[in-house]
Amino acid sequence: MGKLQLKIDGNDFTGVLADNPVIKDQLNACCRTLTFKLSLYGNRLDLLAHKVELFYKGKRWFIGEIKKQKEEHDGTNSITVYDPLFLFGKHEDDYYFKNQTATQIIKSMAKKIGLKVYKLENTNVVISHVLYKKGAPDKITVDVLARTWNSGGDKFWFRYDPVNNGILLKRRTVPEMIWAFKTGGNLISASRERSIEEMYNTVKLINRETGKTATKVNAKNKALYGNTQYYEEISDKDKNLSKMAKQKLKYLSKITSTMSMSGLNSDGAMGQFFVGDPIYVEEKNTGMVGGYWVRNVSHTFLADDAIQLDFDLTATEDIPEIQYDNSKK
């Protein structure tokens, strides 16, 4: 038997795989996805909502449910599977929490939806009270973790653990050893793109009801890169326009840098990578030398002993923004 094994409802479907399975983990997605194709000529199957598990070298790399199935005229079926955190993005409601930590909030939402919990580390910071009107648990989770960080707590990350089949919440720490990708070794390609297309060096906000305006300027960037202005009308009369303009300028008045890299994980020796993991890259032509954080990652199972890794990287840890402006009541 090969190292890769695909099961649907416990039954082995590895023999009818028609292409290379791909696992994707993305910073702005609520959950991970698995895509693959099956050759089911003459054997039509309704696979929606069926359970899928992907194993590599006997270890479960993915668990989830089929949410999309596309059937072709030649019997090929394209399958899209989401891990159980999919439900965190599909359960909007009014949520109110008082004097609870992010850990307690995540645990109670998981219980409400019926999601398994594997291990939730204690975030310690108590959030006095938050009301989320028409809140989605995935955004609420990001929000309470951002509030924890903004209140002087540690950085935390959450995901669905496929091995232990439950939600994992853990502190973001740099391990003593991190995997390295180098030219002439396991690095396939690398690119670095810098852009000032979306840069705004002046931010002007206006409230039509009150007549108040606020303007903030990054004088240095304005002189270097041009006089570009972002303009927005704000309807909420209670908003602090000056503070809001300052925050928007900080976000908009900067060079955007996009770094991508492909590498080879021979025989799966490196294990699996997730959003938020650190890696080391050494590629002199792009100037990518040093430690980076994984923003997005996909694993493509090319052959039994080769997994291609495609990364989007960032030089600094992505700490999610607070998702809900008016949640405190």
Test item: [X] and [Y] side chains (from C-beta on) under 4.5 Å apart, heavy atoms:
{"X": "Leu54", "Y": "Arg60", "value": "no"}
{"X": "Leu17", "Y": "Leu38", "value": "yes"}
{"X": "Leu205", "Y": "Thr213", "value": "no"}
{"X": "Ser108", "Y": "Phe97", "value": "yes"}
{"X": "Ile113", "Y": "Pro137", "value": "yes"}
{"X": "Ile63", "Y": "Tyr160", "value": "yes"}
{"X": "Leu302", "Y": "Leu264", "value": "yes"}
{"X": "Thr35", "Y": "Ser78", "value": "no"}

> So, Phe181 versus Phe311, ring centres under 6.0 angstrom or not?
Replying inline: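 Centroid distance Phe181-Phe311: below 6.0 Å, so yes.
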>> Check for me whether the distance between the ring centres of Tyr95 and Tyr132 falls short of 6.0 Å.
In response: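 No, the ring centres sit 6.0 Å or more apart.
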> Is the charged tip of Arg172 near the ring of Trp293: under 6.0 Å from the six-membered ring centre and within 45° of its axis?
Replying inline: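 Arg172 over Trp293 ring: yes.
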To the nearest 0.5 Å, tell me how far [X] [atom1] sits from [Y] [atom2].
{"X": "Thr101", "Y": "Leu120", "atom1": "OG1", "atom2": "CG", "answer": "9.5 Å"}
{"X": "Phe156", "Y": "Ile106", "atom1": "CZ", "atom2": "CD1", "answer": "9.5 Å"}
{"X": "Ile140", "Y": "His91", "atom1": "CD1", "atom2": "NE2", "answer": "10.5 Å"}
{"X": "Ile167", "Y": "Met109", "atom1": "CD1", "atom2": "CE", "answer": "8.5 Å"}
{"X": "Thr215", "Y": "Tyr231", "atom1": "OG1", "atom2": "OH", "answer": "9.5 Å"}

Mark yes or no for whether [X], through its side chain, and [Y], through its backbone, hold a donor-acceptor pair below 3.5 Å.
{"X": "Ser262", "Y": "Ser189", "answer": "no"}
{"X": "Thr103", "Y": "Thr123", "answer": "yes"}
{"X": "Asn20", "Y": "Thr300", "answer": "no"}
{"X": "Gln26", "Y": "Ala29", "answer": "no"}
{"X": "Thr228", "Y": "Met199", "answer": "yes"}
{"X": "His50", "Y": "Ile66", "answer": "no"}
{"X": "Trp157", "Y": "Val275", "answer": "yes"}
{"X": "Asn296", "Y": "Leu27", "answer": "yes"}

For [Y], is there an ion pair with [X] - N to carboxylate O distance below 4.0 angstrom?
{"X": "Arg171", "Y": "Asp154", "answer": "yes"}
{"X": "Asp161", "Y": "Lys119", "answer": "no"}
{"X": "Lys248", "Y": "Glu232", "answer": "yes"}
{"X": "Lys7", "Y": "Glu53", "answer": "no"}
{"X": "Lys284", "Y": "Glu282", "answer": "yes"}
{"X": "Lys90", "Y": "Asp138", "answer": "no"}
{"X": "Asp83", "Y": "Arg159", "answer": "no"}
{"X": "Lys170", "Y": "Glu121", "answer": "no"}
{"X": "Arg147", "Y": "Asp143", "answer": "yes"}
{"X": "Glu65", "Y": "Lys51", "answer": "no"}

> Picking from Asp267, Asp305, Asp304, what satisfies side chain to side chain donor-acceptor pair (under 3.5 Å) with Lys3?
Replying inline: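 Result for side chain to side chain donor-acceptor pair (under 3.5 Å) with Lys3: Asp267.
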Between [X] and [Y], does any side-chain donor sit less than 3.5 Å from a side-chain acceptor?
{"X": "Ser253", "Y": "Asn221", "answer": "yes"}
{"X": "Asn227", "Y": "Gln229", "answer": "no"}
{"X": "Thr76", "Y": "Lys70", "answer": "no"}
{"X": "Gln5", "Y": "Asp12", "answer": "yes"}

>> For residues Leu47 and Val22: do they belong to one hydrophobic cluster (side chain heavy atoms under 4.5 Å, members Ile, Leu, Val, Met, Phe, Trp, Tyr)?
In response: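 Different hydrophobic clusters.
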>> Using the rule that Ile, Leu, Val, Met, Phe, Trp and Tyr join whenever any side-chain heavy atoms are under 4.5 Å apart, tell me whether Val117 and Leu85 fall into a single cluster.
In response: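 Yes.
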>> With side-chain contact (heavy atoms from CB on, under 4.5 Å) as the criterion, how do Lys133 and Asp93 come out once you've worked through the C-alpha distance, each side chain's angles and the decisive distance to 0.1 Å?
In response: CA-CA 7 Å; Lys133 291 181 178 176; Asp93 205 338; over 6 Å; no
Got a sec: does the [atom1] of [X] have more than 12 other heavy atoms crowding it under 6.0 Å?
{"X": "Tyr280", "atom1": "OH", "answer": "yes"}
{"X": "Lys37", "atom1": "NZ", "answer": "no"}
{"X": "Lys212", "atom1": "NZ", "answer": "no"}
{"X": "Tyr82", "atom1": "OH", "answer": "no"}

>> Does Glu72 form a side-chain contact (heavy atoms from CB on, under 4.5 Å) with Asn77? I'd like the steps, not just the answer.
In response: CA-CA 6 Å; Glu72 302 280 3; Asn77 281 233; over 6 Å; no
> Is there a side-chain hydrogen bond (donor to acceptor under 3.5 Å, both in side chains) between Lys216 and Ser242 once you walk through the steps?
Replying inline: CA-CA 8 Å; Lys216 296 290 178 186; Ser242 179; 3.2 Å; yes
>> Can you give me the closest heavy-atom contact between Ile178 and Ile279, atom names plus distance?
In response: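 Heavy atoms only, the tightest pair is CD1-C, 3.7 Å.
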> If you take all heavy atoms of Gly64 and Pro84, which pair is closest and at what distance?
Replying inline: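 Where Gly64 meets Pro84 most closely, the heavy atoms are CA-CD, 4.3 Å.
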> After noting the C-alpha distance and the side-chain angles of Phe274 and Arg32, does the key distance pass the side-chain contact (heavy atoms from CB on, under 4.5 Å) rule?
Replying inline: CA-CA 9 Å; Phe274 296 89; Arg32 297 195 309 148; 3.8 Å; yes
> After noting the C-alpha distance and the side-chain angles of Phe36 and Phe301, does the key distance pass the side-chain contact (heavy atoms from CB on, under 4.5 Å) rule?
Replying inline: CA-CA 10 Å; Phe36 56 88; Phe301 296 84; over 6 Å; no
> Can you say whether the rings of Phe88 and Phe158 are parallel (under 30°), tilted (30 to 60°) or perpendicular (over 60°)?
Replying inline: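 Tilted.
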